[in-house]
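Only one structure is covered here, and it is reproduced in the block below.
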Protein chains: 4
Amino acid sequence: MRPFDSDADTSVHTKPRTRIQREKEGAILEAALDLFSENGFSGTTLDQIALAAGMSKPNVLYYFPSKEELYSELLNRRVANCFAPLESMNPNGDPIEELRGYIRRKMEISRAYPRESRLYASEMLRGAPMLCDSVRGLMRALIDAKAEIIQGWIDSGHLAPIDPKHLIIAIWATTRQYTNFTAEIRGIATGADSEVFEGGMQTIETLILDGLRPR
Amino acid sequence: MRPFDSDADTSVHTKPRTRIQREKEGAILEAALDLFSENGFSGTTLDQIALAAGMSKPNVLYYFPSKEELYSELLNRRVANCFAPLESMNPNGDPIEELRGYIRRKMEISRAYPRESRLYASEMLRGAPMLCDSVRGLMRALIDAKAEIIQGWIDSGHLAPIDPKHLIIAIWATTRQYTNFTAEIRGIATGADSEVFEGGMQTIETLILDGLRPR
Amino acid sequence: MRPFDSDADTSVHTKPRTRIQREKEGAILEAALDLFSENGFSGTTLDQIALAAGMSKPNVLYYFPSKEELYSELLNRRVANCFAPLESMNPNGDPIEELRGYIRRKMEISRAYPRESRLYASEMLRGAPMLCDSVRGLMRALIDAKAEIIQGWIDSGHLAPIDPKHLIIAIWATTRQYTNFTAEIRGIATGADSEVFEGGMQTIETLILDGLRPR
Amino acid sequence: MRPFDSDADTSVHTKPRTRIQREKEGAILEAALDLFSENGFSGTTLDQIALAAGMSKPNVLYYFPSKEELYSELLNRRVANCFAPLESMNPNGDPIEELRGYIRRKMEISRAYPRESRLYASEMLRGAPMLCDSVRGLMRALIDAKAEIIQGWIDSGHLAPIDPKHLIIAIWATTRQYTNFTAEIRGIATGADSEVFEGGMQTIETLILDGLRPR
DNA sequence: TATGAATGAGAATTCATTCAT
DNA sequence: GATGAATGAATTCTCATTCAT
């Protein structure tokens with residue numbers, strides 16, 4: 001179910017060899033993710049990270065050369081992984097059902113990884129100054145691929161005509177709302193978080209799927 | 001077209017009386033809005049604001065007692081004004097056309113005040129630690145009022161059954177995407193910003209309005 | 001009864017002519033005395049003084065060229081006046097009764113002008129960096145005169161042999177304790193301030209007068 | 001003769017373990033004591049302390065979290081130690097001789113630790129805003145204990161009737177005069193400091209002991 | 001006279017980073 | 001590897017004083 005885990009994640013990395021190293025690095029990344037995603041890059045200090053990771057500040061910098069590198073690592077590796085394994089959309093399946101599945105998986109993944117998701121959103125909101133090109137490329141490629149599939153469905157008359165990329169953007173926007181802007185949601189909707197989440201999912205499906213179903 | 005301006009804005013304020021005061025205060029708010037909306041609260045320094053406003057740092061603090069107050073002023077006054085004058089929805093009009101008008105006005109207002117809009121989004125993403133209760137109340141009241149109108153349309157069979165609050169959230173989410181997450185949009189869609197914006201608006205209307213139109 | 005008042009005080013001054021001026025200057029000195037005596041020179045700001053005096057900071061500096069001058073004025077004029085009119089000791093009176101009278105008047109004057117007294121004590125504790133020579137001279141002359149009288153009483157066998165200057169110092173020390181170090185007194189003795197004050201006076205008289213009475 | 005030293009002092013402390021730490025902390029406390037006792041809390045800057053201690057300002061703050069903490073540490077630990085080991089008064093000894101011994105020890109201790117003594121006096125003069133409760137309690141307990149002993153002597157007719165607490169206050173007052181108000185003393189008495197000090201001690205003994213000796 | 005406006009020189013404190021062990 | 005120690009460069013904020021009106 002989990003499309004990736006922290007071990008797989010850091011294994012991409014070149015440095016860490018021993019188990020201890022991997023564990024320490026993991027603890028740092030975990031703490032940093034907590035804090036960066038909550039308070040942003042400037043709002044987080046190495047002291048906080050070191051404290052949360054249960055080690056000394058210099059030790060944090062032993063594993064990651066600088067605060068910026070640590071942030072970048074998180075952003076460009078962990079966040080990238082949010083996309084990569086995510087989207088399996090079957091070009092031969094039923095279009096509406098495939099889209100429904102996509103929306104649901106997107107919501108689920110964001111709910112499962114709220115910190116990664118918020119970190120990414122926060123970076124985007126700032127204008128993405130630290131997002132590396134490879135991740136940008138990855139994203140673009142992913143979108144392009146999906147858009148092509150959707151375009152096929154439109155061309156064959158299974159979906160109402162719409163710009164596929166904008167459709168994907170709309171899906172991202174609405175799912176983001178329920179997973180990253182929870183503070184806003186809580187200010188608007190009443191009820192337990194999970195209920196609101198379900199209500200949101202229902203609404204998104206209604207709008208998008210009914211909006212796309214050809215008349 | 002502009003539903004408010006900075007003069008009207010600050011006139012609500014108690015303090016500034018002289019012309020000079022209003023001008024200087026305006027310059028500071030302007031600079032602060034630029035910087036806070038771009039780099040967030042912690043990512044912005046008083047030095048930057050003073051430089052951008054063309055005055056000395058203590059002079060900035062002569063007008064606003066602290067960095068936090070300045071931020072708060074911006075967030076809670078300027079941003080609040082984004083909502084208040086915004087939404088006129090006619091309960092007696094044609095539901096679909098009223099919603100279309102609402103979506104368009106929402107998009108326009110966000111495009112006209114991108115910095116206020118981004119500042120607000122950024123605050124929300126952080127969990128809204130500095131958003132004051134009066135603004136929260138304003139928002140909630142606005143949503144409640146709109147939701148009631150929409151519920152009326154649903155009850156009379158003019159719209160497909162949907163949770164009105166979630167509908168509004170969906171509209172906010174999608175408009176936000178095109179006005180605040182431009183960095184992400186640019187990474188996905190090709191073409192001039194304004195074209196992309198138009199495409200987005202078109203897509204949102206299609207999804208939401210067709211999604212709501214009863215079959 | 002009052003050995004001096006603020007009018008007499010400031011009249012020594014050269015500048016102020018009009019009534020308003022004298023009043024304003026008085027208000028400033030009053031506020032400054034409150035604050036300096038409570039918080040010391042560095043612990044007091046011109047803002048605080050201006051606020052307490054009910055005027056603007058530049059206006060304070062219109063009357064007194066600098067914070068230091070204001071403090072100095074207070075210290076060297078008001079405090080000096082504490083001494084000058086104070087001590088009438090009759091060389092022909094009964095020695096014990098004259099000393100008793102002196103102790104009582106000293107206590108009373110310190111109690112009547114606690115702020116001046118505390119300001120002076122605080123300056124002394126710091127090493128008296130701003131006490132001007134004329135006040136030093138005044139004090140010395142006063143002590144010398146008293147010491148001579150007392151020496152006469154000792155020489156004529158009316159008092160036990162003792163160094164007259166040290167006697168005066170002892171009187172100052174003990175009276176100061178009850179008027180300036182009230183925080184310490186309150187930490188030690190129980191009962192209402194005035195009772196404690198009376199007890200202190202009684203004790204001082206007992207010690208000094210009995211200690212001096214020849215056996 | 002020295003009833004305590006700085007090593008014993010800081011060893012009560014929880015934090016410092018290594019030799020370097022103790023040395024540095026000691027250097028800071030030493031410098032701070034010099035400066036705070038001379039210029040008071042507000043009149044002293046961290047820059048001055050850092051300079052005097054031969055280290056950088058942040059390094060000072062590495063050992064003490066804030067200026068206030070540093071001051072408080074000094075006041076409440078070092079000064080408290082001034083009292084604790086001080087007063088051994090034998091209830092079974094000769095009352096006059098015991099009091100004489102007490103006065104002398106009190107004078108000596110204040111002369112040996114003039115900075116601690118002045119710091120304490122300065123804090124008291126300000127109204128003791130930073131004196132912690134435990135020190136207050138210590139003082140009160142000490143006074144109570146001594147007062148009881150003295151009362152016993154009075155009850156058995158060995159001393160003239162007097163309020164024991166006020167007697168102690170008088171002793172504190174006069175000893176303080178010679179150790180903390182040296183600036184005033186120098187303005188009054190002529191001769192070398194040590195001679196003046198001896199003269200003062202002689203006078204205090206004469207007054208208090210003769211004043212108390214029953215006739 | 002009086003004051004709003006402005007500021008340079010500090011003040012305390014923070015923080016990413018380096019260094020020595 | 002790990003950490004205590006140290007610091008330069010900010011960063012927010014204060015304050016006495018000046019200036020213009």
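Just so we're clear, the structure is a prediction, and the values are computed from it rather than from any experiment. What's counted below: heavy atoms across the whole structure, side chains too, no hydrogens, waters or symmetry copies. Numbers restart at 1 for each chain; the letters A, B, ... are given by sequence-line order, proteins then strands.
- Under the Watson-Crick or G-U wobble criterion, with both distances below 3.5 Å, F:dA16 is paired with E:dT7.
- Within the 4.0 Å cut-off from OP1 or OP2 of F:dA5, at least one side-chain nitrogen or oxygen of D:Y62 is found.
- Among the protein residues, D:S42 comes within range of no part of the nucleic acid, since none of its heavy atoms lies under 4.0 Å from any strand.
- If you find the closest nucleotide of DNA chain E to B:K24 and to A:T45, the one lying nearer the 5' end belongs to B:K24.
- Judged by a 6.0 Å distance limit and a 45° cone about the ring axis, A:K67 is positioned over the six-membered ring of A:F41.
- If you take CD of A:E68 and P of E:dT17, they are 8 Å apart, rounded to a whole angstrom.
- Residues A:Y71 and A:L74 have side chains not in contact (no heavy-atom distance under 4.5 Å, counting atoms from C-beta outward).
- Distances from the side chain of B:D47 to the nucleotides F:dT12, F:dC15, F:dT17 place F:dT12 closest.
- Rounded to an integer number of Å, the gap from CD1 of B:I28 to P of E:dT7 is 11 Å.
- Atom-to-atom, CG of D:L51 to C1' of E:dA12 comes out at 17 Å; the value is rounded to the nearest Å.
- Each of A:F41 and B:N59 was matched to the nucleotide of DNA chain E holding its nearest heavy atom; the match closer to the 5' end belongs to B:N59.
- Using a 4.5 Å heavy-atom cutoff, the side chains of A:E25 and A:E73 are not in contact.
- Nearest to the side chain of D:K57, among F:dC15, F:dT7, E:dA12, sits E:dA12.
- For the pair C:K67 and D:M55, both in contact range of DNA chain F, the more 5′-proximal nearest nucleotide belongs to D:M55.
- The distance from atom CG of B:L35 to atom P of F:dT12 is 12 Å, rounded to the nearest whole Å.
- You'll find that the side chain of B:L61 is closest to F:dC13, out of F:dC13, F:dT17, E:dA2.
- Side-chain proximity of D:I20 to the nucleotides E:dA5, F:dA6, F:dT3 is greatest for F:dA6.
- Comparing atom distances between the A:Y63 side chain and each of F:dA2, E:dT13, F:dA5 picks out F:dA2 as nearest.
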Requested in this report: Would you please test D:E38 and C:R126 for side chain to side chain contact (heavy atoms under 4.5 Å, CB included) and show each step?
Outcome: CA-CA 6 Å; D:E38 198 69 37; C:R126 290 201 304 162; over 6 Å; no
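- The side chain of D:Q21 has F:dA5 as its nearest neighbour among F:dT17, E:dA5, F:dA5.
- For D:S66, counting side-chain heavy atoms from C-beta on, the closest listed nucleotide (E:dT17, E:dT13, F:dT7) is E:dT13.
- Nearest-nucleotide positions on DNA chain F place D:G54 closer to the 5' end than the other of C:P58 and D:G54.
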